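Hydrogens, waters and symmetry mates are skipped; everything else that's a heavy atom, side chains included, is used. Model, not experiment: these values are computed from the prediction.
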Amino acid sequence: MKEYLLSSLIGYLLGSLSPSALLSKLKKKNLRDQGTRNLGATNTMLILGKGYGALVMLFDIAKAFAAVKLAQKLFPMLVWGGLIAGCSAVIGHIFPFYMKFKGGKGLAAYGGMILGLDPLLFLILLLIAIAAMLITNHAIAMTVSATILFPMFFAIRNGDLIAFLLVAAISALILSRHTGSILEAIRGEDTSVRAFIKGNKHQ
């Protein structure tokens, strides 16, 4: 039990590290008042530029990946120590204690967790997500496809009910955090993927 708690703590503390919050202060631009009003890679990209957004995304992926691998290294006897640490990293990203539990939406950290747990599955889901995003022309398609498919694929590859429930719960949390983006896409109010790639933030 102690090892599971430590895995959770490791994941949460690593996940709560927020490069977007640091950049927000350095650039003197409050990301909570602009764009999606969210401390994450997407809003950083929209407000501070694609370079900074990519940097934040890589950091957020890396911290959850590191949480999984660190827990697996420290507690090799735990079957799902890495999974618990990864889920906790996502929770830490979304609910950082030092920012009044108001962080990002967690997609990049979610991706880092998947990468740490199953690199092949990460690659498969990434390719499907990119295809879904380009076909629909909505960025939110990446989130929806990943959060729906990951629990199913993970269950098929591992066949563990408890692991499936943990993954399903954290996936549902990610999806719930993107409800606003889903509604915007349905109403056609979001920025199209092709327009954003071309540097035009309007459809």
Check your understanding: How far apart are the C-alpha atoms of F59 and L17, what are their side-chain angles, what is the distance that settles it, and do they pass the side-chain contact (heavy atoms from CB on, under 4.5 Å) test?
Key -> CA-CA 9 Å; F59 187 96; L17 298 176; 4.0 Å; yes
Revision key, fill the gap. In this structure, CD1 of I84 is separated from CE of M113 (nearest 0.5 Å) by 12.0 Å
Review point. Can you find a heavy atom in the side chain of V56 that is under 4.5 Å from one in the side chain of L48?
Key: no
Exercise for review: Answer with yes or no whether the hydrophobic clustering places I156 together with I148; edges join I, L, V, M, F, W, Y residues whose side-chain heavy atoms lie under 4.5 Å apart.
Suggested key: no
**Study point:** Least distance between heavy atoms, V90 atom then G106 atom
**Key:** CG1-O, 4.2 Å
Study note, to complete from the structure: Hits for side chain to side chain contact (heavy atoms under 4.5 Å, CB included) against I91, two or more places apart or cross-chain, chain-then-number order -> Y12, F95, I170, L173
Point to revise | Any pair counted as salt bridge (charged side-chain N to carboxylate O under 4.0 Å, His left out), so long as it reaches residues 13-22, sequence neighbours left out | key: none
Exercise for review: Search all heavy atoms of G81 against all heavy atoms of A71 and return the closest pair with its distance.
Suggested key: O-CB, 3.6 Å
Practice item. Write down the atom of G86, the atom of V68, and the distance for their closest heavy-atom approach. Key: CA-CG2, 3.7 Å
**Study point:** Exam field: side chain K63 to backbone A89, donor-acceptor pair closer than 3.5 Å
**Key:** no
Exercise for review: Could you note down all residue pairs passing side chain to side chain donor-acceptor pair (under 3.5 Å) where residues 144-156 supplies at least one of them, sequence neighbours left out?
Suggested key: none
Point to revise | Pair S171-Y110, side-chain donor/acceptor within less than 3.5 Å | key: yes
Review point. So, K105 and T143: side-chain donor and acceptor under 3.5 Å apart, yes or no?
Key: no
Check your understanding: Just wondering, more than 12 heavy atoms not from Y4 lying within 6.0 Å of its OH?
Key -> yes
Practice item. Kindly indicate, with the supporting measurements, whether the criterion side-chain contact (heavy atoms from CB on, under 4.5 Å) is fulfilled by K102 and I94. Key: CA-CA 6 Å; K102 295 179 181 179; I94 297 173; over 6 Å; no
Check your understanding: Do the side chains of F122 and D118 get nearer than 4.5 Å, heavy atoms only?
Key -> no
Check your understanding: Run the side-chain contact (heavy atoms from CB on, under 4.5 Å) check on R157 and L120 step by step: do they pass?
Key -> CA-CA 11 Å; R157 286 174 66 81; L120 177 59; 4.1 Å; yes
Check your understanding: Side chains of H138 and I182: does their closest heavy-atom pair fall under 4.5 Å?
Key -> no
Point to revise | I162 atom CD1, neighbour heavy-atom count above 12 within 6.0 Å | key: no
Revision key, fill the gap. When every non-hydrogen atom of S20 is compared with those of T44, the smallest separation belongs to CB-OG1, 3.4 Å
Review point. Could you give the distance from CG (L6) to CZ (F75), rounded to the nearest 0.5 Å?
Key: 4.5 Å
Check your understanding: How long is the span from the CD atom in Q72 to the CE atom in M77, to the nearest 0.5 Å?
Key -> 12.5 Å
Exercise for review: Determine, step by step, whether L78 and S7 satisfy the side-chain contact (heavy atoms from CB on, under 4.5 Å) criterion, reporting the C-alpha distance in whole Å, the side-chain angles of both residues, the deciding distance to 0.1 Å, and the verdict.
Suggested key: CA-CA 10 Å; L78 299 182; S7 293; 3.9 Å; yes
Check your understanding: Going only through I, L, V, M, F, W and Y residues with side-chain contacts under 4.5 Å, is there a path from L5 to L74?
Key -> no
Exercise for review: Please answer whether the main-chain N or O of M45 pairs with a side-chain N or O of K50 as donor and acceptor at a distance below 3.5 Å.
Suggested key: no
Point to revise | Exercise: identify the closest heavy-atom pair between L14 and A66 | key: CD1-C, 4.2 Å
Review point. Do W80 and F164 have ring centres separated by under 6.0 Å?
Key: no
Practice item. Working to the nearest 0.5 Å, report the span between CD of E184 and CD1 of I140. Key: 9.0 Å
Review point. Shared ILVMFWY cluster between L58 and F65, side chains joined below 4.5 angstrom?
Key: no
Exercise for review: Kindly indicate whether the side chain of D60, heavy atoms from C-beta on, has any atom under 4.5 Å from the side chain of P19.
Suggested key: yes
Exercise for review: Decide whether L166 and V79 are clustered together by the hydrophobic rule: side chain heavy atoms of Ile, Leu, Val, Met, Phe, Trp, Tyr closer than 4.5 Å, transitively.
Suggested key: yes
Exercise for review: Identify the two heavy atoms, one from T179 and one from S176, that lie closest to each other, and give their separation to 0.1 Å.
Suggested key: OG1-O, 2.8 Å
Revision key, fill the gap. In this structure, CG of L121 is separated from CD1 of I114 (nearest 0.5 Å) by 6.5 Å
Review point. Do L123 and F150 share a hydrophobic cluster, counting only Ile, Leu, Val, Met, Phe, Trp and Tyr and linking them when any side-chain heavy atoms are less than 4.5 Å apart?
Key: no
Point to revise | Distance in Å, S18 OG paired with M99 CE, rounded so as to fall on 0.5 Å steps | key: 4.0 Å
